[in-house]
Amino acid sequence: MIAPDAFLSAFFAIPLGSSAGQSQGRRYIVSRTELAGGKSHKLVAHELGGGDFISLNLYLTDSSGALLRPCEMPAEKVITFVVAFEPDA
């Protein structure tokens, strides 16, 4: 299991806006958006030349901490993607 701090560190290392990179040997275009003064975040990734798709919302709350809400896919899939993602230099 991946520690929540490792996930959050990896998530915030993904650049805001659109970027390209790779995760688990596949190339993706990723869009990370920050909303509500940094309390809400959205990430969408499309595999280049393939059919894989990643989508998640992350909410940062004072009472509950970080709440991960994958969009119609298992949390493990988005966590694994984010932790393995390496943006292009």
Side-chain angles (χ1 to χ4, degrees):
M1 180 166 202
I2 297 169
D5 288 344
F7 170 78
L8 291 173
S9 293
F11 182 85
F12 288 112
I14 298 172
L16 282 171
S18 295
S19 60
Q22 65 100 17
S23 181
Q24 300 172 314
R26 297 190 229 170
R27 300 225 6 103
Y28 291 85
I29 291 292
V30 176
S31 175
R32 184 168 80 83
T33 308
E34 185 177 277
L35 308 159
K39 293 183 179 186
S40 176
H41 302 266
K42 177 145 187 82
L43 183 136
V44 176
H46 296 273
E47 182 184 8
L48 294 170
D52 197 26
F53 176 75
I54 305 291
S55 181
L56 68 93
N57 292 297
L58 178 67
Y59 304 100
L60 304 177
T61 70
D62 293 334
S63 61
S64 300
L67 300 174
L68 174 62
R69 298 294 184 250
C71 300
E72 304 199 19
M73 62 192 61
E76 296 80 22
K77 178 177 180 170
V78 298
I79 291 168
T80 300
F81 172 84
V82 167
V83 171
F85 185 73
E86 297 175 11
D88 291 346

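Computed from a predicted model, the values in this text were never measured in an experiment.
Linking ILVMFWY residues whenever their side-chain heavy atoms come closer than 4.5 Å, directly or via other members, places Ile79 and Leu60 in the same cluster. There is no path of hydrophobic side-chain contacts, each under 4.5 Å, that joins Leu16 to Val82. With hydrophobic clusters built from ILVMFWY side chains whose heavy atoms lie under 4.5 angstrom apart, Val44 does not share a cluster with Leu67. Phe12 and Val30 fall within a single hydrophobic cluster, where Ile, Leu, Val, Met, Phe, Trp and Tyr side chains are chained together by heavy-atom contacts under 4.5 Å. Hydrophobic clustering keeps Leu8 apart from Tyr59 (ILVMFWY residues linked when any side-chain heavy atoms are closer than 4.5 Å, directly or through intermediates).
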Evaluate side chain to side chain contact (heavy atoms under 4.5 Å, CB included) for Asp88 paired with Ser19, printing each intermediate quantity in order.
CA-CA 8 Å; Asp88 291 346; Ser19 60; over 6 Å; no
Side chain to side chain contact (heavy atoms under 4.5 Å, CB included) between Leu56 and Phe81, worked out
CA-CA 11 Å; Leu56 68 93; Phe81 172 84; over 6 Å; no
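Pairing each heavy atom of Tyr28 with each of Ser23, the nearest pair is CE1-O, 3.8 Å. Taking every heavy atom of both residues into account, Pro70 and Met73 meet most closely at CB-O, 3.3 Å. Taking all atoms of both residues into account, the shortest heavy-atom contact from Ala20 to Arg27 is CB-NH2, 3.8 Å. The two residues Lys42 and Cys71 have their closest heavy-atom pair at NZ-SG, 4.0 Å.
You'll find the side chain of Leu68 stays beyond 4.5 Å of the side chain of Phe11, heavy atoms only.
Between Thr80 atom OG1 and Gln24 atom CD the span is 6.0 Å, to the nearest 0.5 Å. Separation of atoms OG (Ser55) and CZ (Arg69) is listed at 14.0 Å; rounding is to 0.5 Å.
His46 and Phe53 have tilted rings, their planes meeting at an angle from 30° to 60° on a 0 to 90° scale.
Between the side chain of Ser40 and the backbone N or O of Leu35, no donor-acceptor pair lies under 3.5 Å.
Within a 6.0 Å radius of NZ in Lys39, other residues, nucleotides and ligands contribute 12 heavy atoms or fewer.
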